[in-house]
> 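Take a look at the following structure, please.
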Amino acid sequence: MIQITNQMESLLISQPFSQIPADALAILVFAEEAPPAELVSFSKWLDELRESGEFAGKPGELAVLHQSFGAWPAGIAARRVAVVGAGRRDAFDAAAVRKGVGSAVRTLKQKGVKTLAWWLAPADPAAFVEAAVEGAILGNYEPDVHKTSSKESKSLERFSLAVPSLAGETQAAFERGKILANAQNFTRDLVNEPANLMTPIILADRARAMAAEAGLECEVLDQDRMRQLGMGSLLGVAQGSAEPPALIVVRYRPASQPKSGDHLGLVGKGVTFDTGGVSIKPAEGMEKMKYDMAGGAAVLGAMRAIAQLKPSIPVTALVPAVENMVGARAQRPGDIVTSLSGKTVEVLNTDAEGRLILIDALTYAQRLGCTHLVDAATLTGAIVVALGHVNIGAFTNNEAMLARVLAAAKAEGEKTWPMPLDEDYKDLLKSAFADLANIGGRWGGAISAAWFLREFTGDTPWVHLDIAGTAWLDEAKPHLAKGPSGVCVRTFSNLAVNWPVQ
Ligand code: BES
Ligand code: ZN
Ligand code: ZN
């Protein structure tokens, strides 16, 4: 196994509340309700918490009682009991479980807890089991691989989820949660690497290693091969860097081909660093542009999960990987390149490079037989203006395809919002000298970027996800560390797994 940062052991157990041994045993308490029966012997403590206003069961609240406390009830094996606010029951769902467990993990690990057990109520559905283990694995992650001494961040060594019975459905949900969250942390590790340690070639090597381990096929097209094929748009971006580009292709094939002939293509922007090129970006904040390969990393993480979840349709991932640099060989504003599709593009701004590499990958995906396409890209600052850091922006040429992606995103709690892409915006990309310009003017920048991609999707149902605002957390959240979020890994995996088979 390729080691993922802070990987912990996660177990599904079935034991009575009182007998669970752990540094801390956590249990949800709902607002405006009597505490769960497991806590009867703690009722005095809970009454005091409520009266003092310290804990009323609201989301984000947490209180800890130690065994060393005088009135510790006899027969409770855990060393600490933590009550975690769940909010009102009618507003409680899988996303709340994921956040609640994640926040508790992040608080408790800082308090030195190494082994945490989590009590789930008997009536809780399988979706909560899945979300709970996801919350724990995601919450335990810290982007600290490059800190050599005095790590500020502590981590859990073991997370045990206690359920009333180890039914097959429960076990399957637990496994699914583990697979998805570990895949998401794999993606976060890739995104977290600085650009000197994550070049296009290194990204390709990591993809190869992941594929070999997961039992997937992997092929990497090098610069010569891309030149032979005619990927002039991708190569134009790559030419300014001393780091050679790579087009990473990873394939999953199901045991038997579905009759429908459906074949899902996942395409992810893999700009390992975006200086802007000759249309250079301001120095302030430029260091963040190491996350410009977050779409590519998400696609690779999804493939890692897909290899284990084994959906019934074939899935091919494509990651065009390049570094967008300034230099003597860099492309200039005004350069005209010929894309793999044959269409020519006038590069009016070298900082709009994501779309230039994606169009050659989208065309190539169709040549490889993909019948449905989804791409994820940190494509525009404009999507951050439009949707902030909360929602992914979704664009499509096919409403039915969009509905599938939105359903997958909703099921996984990855907020995604549909954006317009009507014909009226198309003219923004007119060029006087080539078939298309690579920018569309000041307004509606996320939409003109999406239209640019759409010009290369033909009739193939396609959804574009702009993740510029959601792939990186500028500040930690209660349930997630600062840094790469790994967004889209769960949505993509869910989309493949729940693909309707005919
Ligand atoms: N990688 C950036 C988009 C981006 C901006 C991602 C901020 C994350 C945070 C992309 O390559 C880019 O530079 N886009 C330009 C397009 C413009 C030149 C039309 C942008 O958004 O400013
Ligand atoms: Zn750019
Ligand atoms: Zn970029």
Side-chain angles (χ1 to χ4, degrees), residues 191-192 195 198 200 203 233-234 236-241 243 245 267-298 319-326 330-335 345-361 375-393 395 419 425 428-431 436-453 464-475 483-485 487-488:
V191 179
N192 185 47
M198 185 51 67
L203 185 60
S233 188
L234 192 163
V237 177
Q239 77 189 30
S241 173
E243 298 294 341
V267 180
K269 174 176 173 182
V271 175
T272 58
F273 196 75
D274 184 10
T275 64
V278 170
S279 315
I280 197 165
K281 287 183 181 295
E284 195 182 327
M286 201 201 273
E287 73 283 352
K288 235 180 92 176
M289 280 301 126
K290 68 173 186 175
Y291 92 103
D292 215 14
M293 38 62 80
V319 181
V322 303
E323 191 183 46
N324 188 24
M325 294 294 277
V326 206
Q331 74 178 343
R332 296 136 290 244
D335 281 6
V345 178
E346 186 183 11
V347 181
L348 290 177
N349 189 315
T350 64
D351 195 11
E353 85 297 339
R355 59 197 82 178
L356 293 171
I357 65 171
L358 286 168
I359 57 170
D360 279 348
D375 77 75
T378 47
L379 203 63
T380 66
I383 201 68
V384 194
V385 174
L387 299 175
H389 297 291
V390 177
N391 273 282
I392 296 169
F395 302 81
M419 297 285 291
Y425 294 101
L428 293 171
L429 296 167
K430 276 198 172 145
S431 158
L436 282 169
N438 80 326
I439 55 169
R442 184 151 166 67
W443 308 114
I447 303 171
S448 50
W451 246 114
F452 186 84
L453 301 180
H464 156 58
L465 300 176
D466 195 333
I467 58 170
T470 45
W472 186 268
L473 304 177
D474 287 328
E475 294 303 332
S485 68
V487 77
C488 282

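Note: hydrogens, waters and symmetry copies are ignored here, and every other heavy atom, side chains too, is used. Because the structure is predicted, anything quoted here is derived from the model rather than measured. Numbering of ligands and ligand atoms starts at 1, following listing order.
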> One thing to verify: whether Lys290 and Asp274 come together as a salt bridge, which I'm taking to mean a side-chain N less than 4.0 angstrom from a carboxylate O.
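No salt bridge links Asp274 with Lys290.
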> Please list, in number order, the atoms of ligand 1 under 4.0 Å from a heavy atom of Arg355.
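The atoms of ligand 1 under 4.0 Å from a heavy atom of Arg355 are 16 (C), 19 (C).
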> Could you please spell out the steps behind the ring-ring contact (aromatic ring centres under 6.0 Å, His included) verdict for Tyr291 and Trp472?
CA-CA 7 Å; Tyr291 92 103; Trp472 186 268; 5.7 Å; yes
> Output the distance between atom CG (Leu465) and atom CG (Asn391), rounded to the nearest 0.5 Å.
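Taking CG in Leu465 and CG in Asn391, the distance rounds to 11.5 Å.
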> Where is the tightest heavy-atom contact between Gln239 and Ala330, given as atom of each residue plus distance?
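Of all heavy-atom pairs spanning Gln239 and Ala330, the closest is NE2-C, 3.8 Å.
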> Check Asp375 with Lys269, please: is the shortest side-chain N to carboxylate O separation under 4.0 Å?
no
> To the nearest 0.5 Å, how far apart are CZ in Phe452 and CD1 in Ile359?
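Result: 4.0 Å between the selected atoms.
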> Run through Met286, Met293, Glu243 and flag the one making a side chain to side chain contact (heavy atoms under 4.5 Å, CB included) with Phe273.
Met286
> To which protein heavy atom is atom 21 (O) of ligand 1 closest, and what is the distance rounded to 0.1 Å?
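Residue, atom and distance for the closest contact: Gly381 N, 2.7 Å.
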> Taking non-hydrogen atoms only, is Asn349 closer than 4.0 angstrom to ligand 1 via side chain, backbone, both or neither?
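Within the 4.0 Å criterion, Asn349 contacts ligand 1 through side-chain atoms alone.
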> Which residue from Asp292, Asn324, Ile383 reaches closest to atom 1 (N) of ligand 1 through any of its heavy atoms?
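Of the listed residues, Asp292 has the closest heavy atom.
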> What's the shortest heavy-atom distance between Ile383 and Thr380, and which atoms?
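Reported closest heavy-atom pair: N-OG1, 3.1 Å.
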> Taking only heavy atoms of Glu353, which atoms of ligand 1 are found under 4.0 Å from at least one of them?
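With Glu353 as reference, the close atoms of ligand 1 come out as 11 (O).
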> Report yes or no: do Asp292 and Thr378 form a side-chain donor-acceptor pair below 3.5 Å?
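Checked: Asp292/Thr378 side chains pair up, N/O donor to acceptor below 3.5 Å.
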> State if Thr380 counts as touching ligand 1 under the rule of any non-hydrogen atom under 4.0 Å.
yes
> Among the N, O or S atoms of Glu353, which one sits nearest to the Zn ion (ligand 2)?
OE1
> Can you list the atoms of ligand 1 that are under 4.0 Å from a heavy atom of Thr378?
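Reading through ligand 1 atom by atom, the close ones are 1 (N), 2 (C), 3 (C), 6 (C).
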> Which angle, to the nearest 10 degrees, do you find at the Zn ion (ligand 2) between OD1 in Asp351 and OD2 in Asp274?
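The angle at the Zn ion (ligand 2) comes to 100°, rounded to the nearest 10°.
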> If you check every N/O/S atom of Asp292, which is the one nearest the Zn ion (ligand 3)?
OD2
> Which atoms of ligand 1 have any heavy atom of Ala468 under 4.0 Å away?
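So the answer, numbered in order with elements, is 6 (C), 8 (C).
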> So between Ile439, Leu379, Ile357, whose heavy atom ends up nearest atom 14 (N) of ligand 1?
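The nearest heavy atom belongs to Leu379.
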> Under 4.0 Å from a heavy atom of Met289: which atoms of ligand 1 are those, numbered in the order shown and with their elements?
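Listed by number with element, the hits are 1 (N), 6 (C), 7 (C), 8 (C), 9 (C).
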> Considering only heavy atoms of Lys281, which atoms of ligand 1 have at least one such atom less than 4.0 Å away?
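That gives atoms 2 (C), 12 (C), 13 (O) of ligand 1.
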> Would Lys269 count as a contact for the Zn ion (ligand 3), in the sense that one of its N, O or S atoms lies under 2.8 Å from it?
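Yes.
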> Give the residue and atom name of whichever protein heavy atom lies nearest to atom 2 (C) of ligand 1, and the separation in Å to one decimal.
Asp274 OD2, 3.5 Å
> To the nearest 0.5 Å, what is the distance between CE (Met325) and OG (Ser241)?
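With rounding to 0.5 Å, CE (Met325) is 5.5 Å from OG (Ser241).
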> Should the heavy atoms of other residues, nucleotides or ligands under 6.0 Å from NZ of Lys430 be counted, would the total exceed 12?
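Result for NZ/Lys430: open.
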> Give me the residue, atom name and distance of the protein heavy atom closest to atom 15 (C) of ligand 1.
Asp351 O, 4.1 Å
> Atom CG in Asn438, atom CD in Glu346: separation rounded to 0.5 Å?
8.5 Å
> Using a 4.0 Å cut-off to any heavy atom of Lys269, which atoms of ligand 1 qualify?
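Close to Lys269: 1 (N), 10 (C), 11 (O).
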> Among Phe452, Trp472, Phe273, Tyr291, which residue places a heavy atom closest to atom 9 (C) of ligand 1?
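Comparing heavy atoms across Phe452, Trp472, Phe273, Tyr291, the nearest one to atom 9 (C) of ligand 1 lies in Tyr291.
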